[in-house]
Amino acid sequence: MERISWDQYFMAQSHLLALRSTCERLMVGATIVRDKRIIAGGYNGSVSGGVHCIDEGCYVIDGHCIRTIHAEMNALLQCAKFGVATDQAELYVTHFPCIQCCKAIIQSGIQTVYYATDYKNHPYAIELFENAGIKAEKVVLEETSLDLQLNHFNRQ
């Protein structure tokens with residue numbers, strides 16, 4: 001049986017995390033990896049204990065939901081909360097990061113961002129990554145189905 005690549009493995013984890021999203025507009029997941037080990041994960045949703053968009057609708061100002069914390073930021077904050085270093089780490093995210101998340105990614109020391117889907121890729125965000133020497137690479141998740149009865153996977 002052929003194993004999936006590391007990039008596919010970590011991107012699949014990000015897509016799985018996105019399924020926990022409480023955002024009605026876009027489900028995003030992010031996985032932070034260092035030395036081929038997952039150190040944190042996040043999805044977009046409300047602050048802990050807060051109301052969720054799926055329950056009360058989005059709180060939109062100037063075209064942005066201010067109730068939502070982005071998946072990348074949630075993963076980075078998880079590292080901060082539990083004292084896990086992000087320097088030299090990689091980030092796998094389902095959608096290209098926004099400008100604010102790009103700035104946080106740069107400041108956290110993450111060196112490579114892998115994303116599955118282009119999403120409002122802002123030229124300034126791309127410029128920020130280039131100026132910081134951060135590699136941004138598109139890695140599309142291949143469709144894979146799991147057969148839990150037979151304990152193997154099938155690529156489609």
Side-chain angles (χ1 to χ4, degrees), residues 4-34 37-82 84 86 89-132 134-146 148 153 155-156:
I4 62 173
S5 71
W6 284 112
D7 285 343
Q8 290 295 299
Y9 172 72
F10 296 128
M11 193 58 75
Q13 177 68 32
S14 294
H15 282 276
L16 185 61
L17 282 161
L19 296 176
R20 289 282 305 153
S21 172
T22 60
C23 178
E24 294 182 317
R25 298 167 53 164
L26 184 68
M27 297 172 74
V28 180
T31 305
I32 301 176
V33 175
R34 193 177 57 239
R37 300 289 179 259
I38 296 170
I39 61 172
Y43 52 87
N44 55 333
S46 300
V47 297
S48 298
V51 294
H52 297 283
C53 297
I54 57 173
D55 297 326
E56 296 196 14
C58 293
Y59 187 175
V60 178
I61 296 178
D62 296 329
H64 299 281
C65 180
I66 62 168
R67 188 186 315 268
T68 301
I69 300 173
H70 291 185
E72 305 93 324
M73 199 65 74
N74 266 328
L76 289 170
L77 291 170
Q78 186 180 71
C79 288
K81 184 175 183 177
F82 295 108
V84 179
T86 55
E90 301 171 319
L91 174 72
Y92 289 81
V93 62
T94 57
H95 296 76
F96 191 86
C98 72
I99 293 171
Q100 296 302 321
C101 286
C102 286
K103 291 191 279 186
I105 290 164
I106 292 166
Q107 292 301 98
S108 72
I110 287 174
Q111 292 299 298
T112 307
V113 175
Y114 298 100
Y115 64 98
T117 304
D118 290 304
Y119 182 73
K120 300 181 180 179
N121 302 29
H122 196 281
Y124 185 59
I126 295 166
E127 179 184 336
L128 284 170
F129 278 163
E130 288 174 354
N131 290 342
I134 293 177
K135 179 179 152 190
E137 182 179 324
K138 190 171 187 176
V139 174
V140 178
L141 180 65
E142 295 173 9
E143 273 198 44
T144 301
S145 63
L146 294 174
L148 299 177
F153 61 92
R155 292 199 181 150
Q156 299 177 353

Looking at [Y], is its backbone amide N or carbonyl O close enough to the side chain of [X] to form a donor-acceptor pair, meaning the two atoms are under 3.5 Å apart?
X: S14; Y: T31; result: yes
X: H52; Y: I54; result: no
X: Q8; Y: V140; result: yes
X: E72; Y: V93; result: no
X: S21; Y: C23; result: yes
X: Q111; Y: G109; result: yes
X: T68; Y: N44; result: no
X: T112; Y: K135; result: no

*asked:* Can you tell me how the ring of Y9 sits relative to the ring of W6, calling it parallel under 30°, perpendicular over 60° and tilted otherwise?
replied: perpendicular

*Does CD in Q107 sit with more than 12 non-hydrogen atoms of other residues, nucleotides or ligands closer than 6.0 Å?*
no

*asked:* Are F96 and Y119 an aromatic pair, judged by ring center distance below 6.0 Å?
replied: no

*Find the distance between CG (L17) and OG1 (T94) and round it off to the nearest 0.5 Å.*
9.0 Å

